[in-house]
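Single-structure report; data block below.
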Amino acid sequence: MSTVVVLVEHTDGQVAKPALELLTLARRIGEPVAVVLGAGAETAAPKLGEYGATKIISVDDPALDEFLIAPKADALAQVAQPLQPAAILISSTVDGKEIAARVAFKLESGLITDAVDLEVVDGEVITTQSVFAGNWSVRSKITRGAPVITVKANAVAPEQAPAEPAVETAAVTIGDAARKARIVKVEPKQASGRPELTEAAIVVAGGRGTGGNFGPVEELADVLGAAVGASRAAVDSGWYPHAYQVGQTGKTVSPQLYVAAGISGAIQHRAGMQTSKSIVVINKDPEAPIFALADLGIVGDLHAVLPAVTAEVKSR
Ligand code: FAD
């Protein structure tokens, strides 16, 4: 069976959910080999084994922490090349896409970004991308080298497939060309205590209808243990940071429950949330297009409805 290289997104060995999704997809096309860059491979090993990694390759070079992206691409390319993998899978994050582009260049391979599905047809890896705000699916294959593919978060639900991977250490040479942009300071994000937007089981999102007051959105999110999301109109107005934007030019979420408050349902917003399992809409305009997606729709002022729902949840 062919090897599929999976670059593991992690923080000190705490594996991010998208990495488990990559392992799940990798198993469809071959045997997943997880590559852990930086410290933490031993910590990550049990989780990676739980989701089917057959081997873990650890690269812990000081340059990976000292410099921006380029050393990671150097390391991944050097680890992947001798394996002649059927594919190299990387999460579709900002960093992930830069690593993917650099690795594809180094290996003289083709690159596909933002895949939402993978399969093998007649021995070839076929990717599916969802384009034009989810209205079209594009199926494609790479015709040159080991396919380098970035995969969007929540493309699949992670599935366990217990394995007992050995951790191997690989030595790499990080060239001078990869040591051009040194990291001078890392500031941890202020902890909100809320789950990560792309990983949350529940998302409560606010739009222009909040009028800039995200208080009721955050209060409901907190009683539900949910993440907060925002439409682009809310983000562009400076009411909420861009990191929380849901949609075509923001994040893609696929939670069990998505609450859209004061959001009209523009196609670009829907592209980021329409695969949510249940959708609750609160909007004062009964004609708002987002009601077409709603499992439960409430016509009303979010400033009255959200606090009432929050109080009800609290009272239970
Ligand atoms: P509006 O469309 O202004 O809707 C506000 C809604 O709030 C209305 O339905 C109104 O009835 C309701 N409302 C008002 N007051 C209340 C109240 N008190 N209580 C309840 N309801 C109320 N948008 C995204 O969200 N994400 C993206 O990633 C994204 N990417 C884009 C990329 C491109 C290339 C382009 C061109 C656009 C993109 N957009 C994106 C913008 C998108 O087209 C819409 O402009 C945006 O989603 C609108 O945000 P909204 O629904 O909050 O605002």
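All residue numbers in this chain count up from 1 along the given sequence. Start at 1 and go down the list; that is how both ligands and their atoms are numbered.
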Does a side-chain N-to-carboxylate-O contact under 4.0 Å join [X] and [Y]?
X: Lys72; Y: Asp65; value: no
X: Glu124; Y: Lys141; value: yes
X: Glu312; Y: Lys314; value: no
X: Asp114; Y: Lys97; value: yes

Arg232 side-chain N/O to Thr249 backbone N/O, donor-acceptor pair under 3.5 Å: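 Checking the backbone N and O of Thr249 against the side chain of Arg232, no donor-acceptor pair under 3.5 Å is found.
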Approximate separation, where rounding is to 0.5 Å, of Ile99 CD1 and Leu76 CG: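 With rounding to 0.5 Å, CD1 (Ile99) is 7.0 Å from CG (Leu76).
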Neighbour list for ligand 1 [protein residues, heavy atom under 4.0 Å]: Gly207, Arg208, Gly209, Ser231, Arg232, Ala233, Gln245, Val246, Gly247, Gln248, Thr249, Gly250, Gly262, Ile263, Ser264, Ala266, Gln268, His269, Asn283, Lys284, Asp285, Ala288, Gly300, Asp301, Leu302, His303
